[in-house]
Colleague: 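The structure's right below; bear with me while I get my questions together.
Chain letters run A, B, ... following the sequence lines, proteins first, then strands; residues in each count from 1. Note that the structure is predicted; figures quoted are calculated from it, not measured.
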Protein chains: 2
Amino acid sequence: MAKVNAARPDSARNRVKILDAARTALAVSGDATMQSIARAAKVGQGTLYRHFPTREALVLEVHRRDVSALVDAAPELLERLPPEQALRAWFDQLAEYGHVKHGLLDVIYASMHKQLDDEGTGPVLDAIQLILGAGQAAGSLRAGLSAEDILLLVGFLWRLDIRDDWPVQSARLLDVIMEGLTVERPEPPPKPRR
Amino acid sequence: MAKVNAARPDSARNRVKILDAARTALAVSGDATMQSIARAAKVGQGTLYRHFPTREALVLEVHRRDVSALVDAAPELLERLPPEQALRAWFDQLAEYGHVKHGLLDVIYASMHKQLDDEGTGPVLDAIQLILGAGQAAGSLRAGLSAEDILLLVGFLWRLDIRDDWPVQSARLLDVIMEGLTVERPEPPPKPRR
DNA sequence: ACCTGAACACCGTTCAAGT
DNA sequence: ACCTGAACACCGTTCAAGT
């Protein structure tokens, strides 16, 4: 007998096939069916469900892989920008993502609500908290707000998908929110008058 | 001759029965099935579909009746409050409504997107525009924003349903948005001297 | 152990048959 | 004309049978 415990020869490969197929299918249309995903991944439906017990679990996992880029961006932005500018830059990246991904972030947000007792916070909330905390400590971002508050405020980003001027509208609305989030400084900037 | 064209003896009554049953069922759970609604209304499924050709149409109509209260509130508030305060008061009413109705306003918003070419604006957008325009004309609300922008900004209201401190959180977030929406007056408005 | 795909339960919607 | 409810198409999920 050669292998003692070869638990998953193709199981691991199937998992990847499923995730790749799901990612492609969901990008085309958010309501791709489980059966079509199984077919595209060339696995049986039971296999799909062995790896992801429910549709939501699959969608969530497809997403979590992409979201990590967003999460990683937070500390990088904080390194080279003051907090309030880092927050705005992070919002812009989120807007790009939200535009492409439509309602998928809603799924993530909905599931976060249910896991509040589990881990407390997800990585996205951590990323926001990182920038927010820095800004609050520096006095440039409004105190008394939580990372979850911020996520709620920018939730409109994944709802303006159909329009062609979304970058303009998105920037306009983010301006409003940034003005609400930033703390006015005692006015040091010398503004050139004309 | 008595009746020339008695088109609907019970048809009208069925419509009301359906809407009442749907309102009750949807309040309990947003994904009440069409079949359960037909059963609760004591009509056949075909009758339900004769009155409302699709699930979305039914949900929308159930809602439109409730939303009108919100729409009617706009001019009333404007009558007795300055625009920026009227807007905030209207937001508060919207928050109450959004809290009770969960994702239903999302349906309305989604369908508005599709009707942009039909009538241009729905009554909710009209109500917002009323207050917004007054404030912009008076210089107390930020220019360059549309009623649709405002609706996007407050969209978080129908997403904070599960928590027990929602009035606190809702007020906190509305504060942020209001600060972004209002225009700072650098100098007191034209005070009639002399 | 893991995979397969027919089958189950259920939902939105349709339509032939009633009145 | 309008109503009824069985029936259709389809989807998420399960499970007996394979390897």
Colleague: Taking atom P of D:dT4 as reference, at what distance in whole Å does atom NE2 of B:H51 sit?
Modeller: 9 Å
Colleague: At under 4.0 Å, does any side-chain N or O of A:N14 touch on OP1 or OP2 of C:dC2?
Modeller: no
Colleague: Whole angstrom is fine here: how far is it from CG in B:D10 over to C1' in D:dC2?
Modeller: 7 Å
Colleague: Could you check how far CZ of B:R50 sits from P of D:dC2, rounded to whole Å?
Modeller: 6 Å
Colleague: Return the stems involving DNA chain D, sorted by first number, where pairs are Watson-Crick (N1-N3 with N6-O4 or O6-N4) or G-U wobble (N1-O2 and O6-N3), both under 3.5 Å, and runs are 3 or more long.
Modeller: C:4-8 with D:12-16, C:12-16 with D:4-8
Colleague: Generate the contact string for nucleotides 14-19 of chain C. Rules: B means base contact, S means sugar-phosphate contact only, - means no protein heavy atom under 4.0 Å.
Modeller: BB----
Colleague: Starting at atom CG of B:D31, determine the distance to atom C1' of D:dG12, rounded to an integer number of angstrom.
Modeller: 14 Å
Colleague: Quick one: closest heavy-atom pair of B:A21 and B:I37, and the distance?
Modeller: CB-O, 4.1 Å
Colleague: Could you identify which residues of residues 32-39 of chain A place a heavy atom less than 4.0 Å from some atom of DNA chain D, listed by residue number, or say none?
Modeller: A:T33, A:M34, A:Q35
Colleague: Do A:S140 and A:E84 have a side chain donor and acceptor closer than 3.5 Å?
Modeller: yes
Colleague: For the pair A:D31 and A:R55, find out whether any cationic side-chain nitrogen is under 4.0 Å from an anionic carboxylate oxygen.
Modeller: no
Colleague: Just to verify, which of A:V59, A:L58, A:V62, A:L60 counts as forming a side chain to side chain contact (heavy atoms under 4.5 Å, CB included) with A:F52?
Modeller: A:L58
Colleague: Just how far, in rounded Å, is C1' of D:dG12 from CD1 of A:I18?
Modeller: 15 Å
Colleague: Over how many whole Å does the gap from B:L26 atom CG to C:dC11 atom P extend?
Modeller: 14 Å
